[in-house]
Amino acid sequence: MKFSAISSDPYPVKVLCRVLRVSRSGYYAWRKRRESRRQGENRRLVEAIYRIHQAVKQRYGSPRIHRELLAQGYVCGVHR
């Protein structure tokens, strides 16, 4: 989480790493790292939730969106 704060801030990386107490090499290694499988699944799930929410004109709550996700073939629990 700290690394994502560094990448979106206008201040120099060196200063932000010092303030957040992380190493610059760790930050640059994080930037080069590929997205994990779980992160990819979460990103796709959030995109699907957003599409469903927009398609129903923002009227569905979480229980109905969950049922719609299951109907579309997504495998996820209520709390994920």
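All residue numbers refer to positions in the sequence shown, counting from 1.
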Task: Heavy atoms from other residues, nucleotides or ligands near CZ of R43 exceed 12 (cutoff 6.0 Å) - done: yes
TODO: Start with the C-alpha distance between I65 and V56, add both sets of side-chain angles, then the distance that settles side-chain contact (heavy atoms from CB on, under 4.5 Å), and finish with yes or no.
DONE: CA-CA 10 Å; I65 288 178; V56 296; 5.8 Å; no
Open item on the list: In this structure, would I52 and L70 fall into the same cluster of hydrophobic residues linked by side-chain contacts under 4.5 Å?
Closed with: no
Rounded to the nearest 0.5 Å, what separates atom [atom1] in [X] from atom [atom2] in [Y]?
| X | Y | atom1 | atom2 | result |
| --- | --- | --- | --- | --- |
| Y74 | I49 | OH | CD1 | 9.5 Å |
| N42 | S36 | CG | OG | 8.0 Å |
| R34 | Q39 | CZ | CD | 11.5 Å |
| R31 | F3 | CZ | CZ | 12.0 Å |
| H79 | H66 | NE2 | NE2 | 9.0 Å |

Task: Polar side-chain atom of Q72 near backbone of L69 as donor-acceptor pair, under 3.5 Å - done: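 Not a single qualifying donor-acceptor pair exists.
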Open item on the list: Using only atom types and a distance under 3.5 Å, with no angle test, would you say the side chain of H53 pairs donor to acceptor with the backbone of A48?
Closed with: no
Task: Under the side-chain hydrogen bond (donor to acceptor under 3.5 Å, both in side chains) test, residues paired with R33 that sit two or more places apart - done: none
Open item on the list: Do V13 and C17 have side chains that approach each other closer than 4.5 Å (heavy atoms only, starting at C-beta)?
Closed with: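 With C-beta onward as the side chain, the pair touches.
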Open item on the list: Is there a side-chain contact between S62 and V78 in this structure, where contact means two heavy atoms from C-beta onward sitting under 4.5 Å apart?
Closed with: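 In short, these two side chains do not touch, never coming nearer than 4.5 Å.
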- [ ] Let me know which of W30, Y11, Y27 forms a side chain to side chain contact (heavy atoms under 4.5 Å, CB included) with I6.
- [x]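 Of the listed residues W30, Y11, Y27, the side chain to side chain contact (heavy atoms under 4.5 Å, CB included) partner of I6 is Y27.
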TODO: Answer yes or no: is there an ion pair linking R64 with E68, defined by an N-O contact shorter than 4.0 Å?
DONE: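 No, no charged N to carboxylate O under 4.0 Å.
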Open item on the list: Which heavy atom of K2 sits nearest to which heavy atom of L20, and what is that distance?
Closed with: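 Looks like NZ-O, 3.3 Å.
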